[in-house]
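Nothing fancy with the numbering, it's 1 onward along the sequence. Fair warning: this is a prediction, and the values are worked out from it, not measured in the lab.
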Amino acid sequence: MHGHTRRPRQTTRGDKHVSQSLGWIGLGRMGEAMVKKLLQAGHGVKVWNRTRSKAEPLAEYGAQVVDSKLDLAGCDTIFTMVSTTDDLKQVLFGEGGVMTGAKKPRTVIDSSSISQEGSAQIREKLEGMGVAYLCAPVSGNAKVAKAGKLLVVASGPKALYDANEKYLAAMSRKAMWVGEGELARVWKIAHNTMFGVIIQSLCEITVLAEKAGIPRHVFLESINDSVLGSMYTRYKTPVLTKLSFEQVTFTPKLLLKDMDLGLGAGKAHGVPMPSAAATRESIARMVGRGHDDVDFAILLQETANDAGLTIAPLNVDVSDGLSS
């Protein structure tokens with residue numbers, strides 16, 4: 001199915017320009033940071049966002065802000081970064097969607113966090129229209145994206161990945177191809193499941209260290225500089241030190257959804273996941289306590305409460321590992 005629908009590289013609208021023209025839909029904090037990286041790498045990008053005011057600041061970086069999604073239909077390649085599977089279906093196929101006009105882009109590259117099933121439905125519909133489709137979810141939050149340190153993991157036809165790797169590389173520190181079809185969605189589920197297990201473990205050991213008498217920021221710095229430290233433990237350190245949970249990168253509810261997806265995938269493939277299962281219950285308890293519009297790192301506060309430990313914000317400047 002992958003081979004026979006691929007459109008030849010020469011198209012009537014492509015004759016006007018040798019280099020690919022790029023369009024972008026979805027300018028939340030992640031999308032905005034990723035577009036800036038593309039523009040800074042010298043690629044021209046037309047951008048559309050539901051709230052136009054969010055798109056306008058990108059004009060000073062060289063982006064062309066358009067009024068409607070259909071204004072992007074003439075682009076060779078469209079990138080999408082939206083919230084849900086339904087949002088992606090809407091911007092592509094809904095009223096005024098980029099795929100509803102006479103002209104259609106050659107390729108859609110989606111970096112949203114959506115389900116494997118939803119992604120497969122979108123692939124089938126796009127390929128039926130002769131439009132190629134690449135999944136390209138990322139590892140990292142908006143701060144990581146701004147620092148140019150995202151990892152992009154892609155799946156779909158290998159030749160399509162090779163043709164677009166330079167754009168993915170411009171937005172990240174590394175881009176990788178993991179296979180055909182929706183395998184990048186499986187990767188994202190696995191990644192976010194580990195994400196939950198690590199924050200659970202980090203909160204437990206940090207509370208243990210603090211209750212035993214090690215200052216919290218000292219312990220976190222020591223873990224960051226040990227063999228166990230990672231970009232993730234480093235960039236969560238300021239939040240865990242200052243308890244600034246109102247600076248939301250990811251909510252407990254979203255993390256719970258991802259833990260459930262991870263356990264569902266484990267069940268489907270016959271893989272026992274005991275640490276993920278225990279973490280899922282801990283996150284569910286945190287959601288049940290009503291923590292909605294806060295960062296998932298509030299798990300530290302919950303873990304301290306369970307341990308009978310009162311923790312307070314520390315007014316200490318610690319590195320997030322991203323500015324260097």
Just to verify, which of Val186, Thr193, Asn192 counts as forming a side-chain contact (heavy atoms from CB on, under 4.5 Å) with Ile189?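 Single side-chain contact (heavy atoms from CB on, under 4.5 Å) partner of Ile189 among Val186, Thr193, Asn192: Thr193.
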Cationic tip of Lys46 within the cone over Trp24's six-membered ring, i.e. under 6.0 Å and within 45° of the normal?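 The answer is no; the distance or angle limit is not met.
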With a cut-off of under 6.0 Å to the ring centre and 45° to the axis, is Lys125 in cation-pi contact with Phe93?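 Yes - Lys125 lies over the ring of Phe93, closer than 6.0 Å to its centre and within 45° of its axis.
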Using a strict threshold of under 4.0 Å (side-chain N to carboxylate O), is an ion pair present between [Y] and [X]?
X: Asp306; Y: Arg289; answer: yes
X: Asp258; Y: Lys188; answer: no
X: Asp320; Y: Arg234; answer: no
X: Arg285; Y: Glu302; answer: no
X: Asp110; Y: Arg185; answer: yes

Please report the C-alpha distance between Glu204 and Thr303 in whole Å, then the side-chain angles of each, then the deciding distance to 0.1 Å, and finally whether the side chain to side chain donor-acceptor pair (under 3.5 Å) criterion is met. CA-CA 6 Å; Glu204 289 175 16; Thr303 307; over 6 Å; no
Surrounding [atom1] of [X] (heavy atoms of other residues, nucleotides or ligands, distance under 6.0 Å), is the total greater than 12?
X: Asp293; atom1: CG; answer: no
X: Asp225; atom1: CG; answer: yes
X: Asp317; atom1: CG; answer: no
X: Glu221; atom1: CD; answer: no
X: Lys242; atom1: NZ; answer: yes
X: Met176; atom1: CE; answer: no
X: Glu95; atom1: CD; answer: no

Judged by atom type as modelled, is there a donor-acceptor pair below 3.5 Å linking the side chain of [X] to the main-chain atoms of [Y]?
X: Ser226; Y: Ile223; result: yes
X: Thr237; Y: Thr233; result: yes
X: Lys166; Y: Ala163; result: no
X: Lys37; Y: Ala145; result: no
X: Ser244; Y: Gln247; result: no
X: Ser155; Y: Gly181; result: yes

Are the side chains of [Y] and [X] in contact, using a 4.5 Å heavy-atom criterion?
X: Thr249; Y: Phe296; answer: yes
X: Ile122; Y: Leu92; answer: yes
X: Ile25; Y: Met81; answer: no
X: Ser111; Y: Pro137; answer: no
X: Val138; Y: Leu151; answer: no
X: Thr51; Y: Leu27; answer: no
X: Leu22; Y: Asp76; answer: no
X: Asp71; Y: Asp67; answer: yes

Search all heavy atoms of [X] against all heavy atoms of [Y] and return the closest pair with its distance.
X: Thr241; Y: Val316; result: CG2-O, 4.2 Å
X: Arg280; Y: Met259; result: CG-CB, 3.9 Å
X: Ser119; Y: Glu182; result: OG-OE1, 2.7 Å
X: Ser172; Y: Leu150; result: CB-O, 3.1 Å
X: Leu168; Y: Ala136; result: CD2-CB, 4.2 Å
X: Val47; Y: Ala55; result: CG2-CB, 4.2 Å

Could you go through Lys54 and Glu32, starting from their C-alpha distance and side-chain angles, then the distance that decides it, and tell me whether this counts as salt bridge (charged side-chain N to carboxylate O under 4.0 Å, His left out)? CA-CA 8 Å; Lys54 280 189 183 172; Glu32 182 191 25; over 6 Å; no
Mind checking whether Phe250 and Phe195 have ring centres under 6.0 Å apart?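 Yes: the rings meet the under 6.0 Å criterion.
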How long is the gap from CG on Leu88 to OG1 on Thr80, to the nearest 0.5 Å?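 If I round to the nearest 0.5 Å, the distance is 4.5 Å.
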Rounded at 0.5 Å granularity, tell me how far OG1 in Thr107 sits from CG in Asn164.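 Answer for the OG1-CG pair, Thr107 versus Asn164, is 5.5 Å.
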Working for side-chain contact (heavy atoms from CB on, under 4.5 Å), residues Met231 and Arg173: CA-CA 12 Å; Met231 189 186 297; Arg173 66 188 162 87; 3.5 Å; yes
In one Ile/Leu/Val/Met/Phe/Trp/Tyr side-chain cluster, 4.5 Å: Val45, Tyr61: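 Linked within one cluster.
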Should the ring pair Phe79 and Tyr167 be called parallel, tilted or perpendicular, given that the plane angle runs from 0 to 90° and is split at 30 and 60?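 Phe79 and Tyr167: perpendicular rings.
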Test side-chain contact (heavy atoms from CB on, under 4.5 Å) applied to Ile109 and Tyr133, step by step: CA-CA 6 Å; Ile109 301 177; Tyr133 176 64; over 6 Å; no
Take Asn49 and Leu58 through the side-chain contact (heavy atoms from CB on, under 4.5 Å) test and state the conclusion after the steps. CA-CA 11 Å; Asn49 194 62; Leu58 286 168; over 6 Å; no
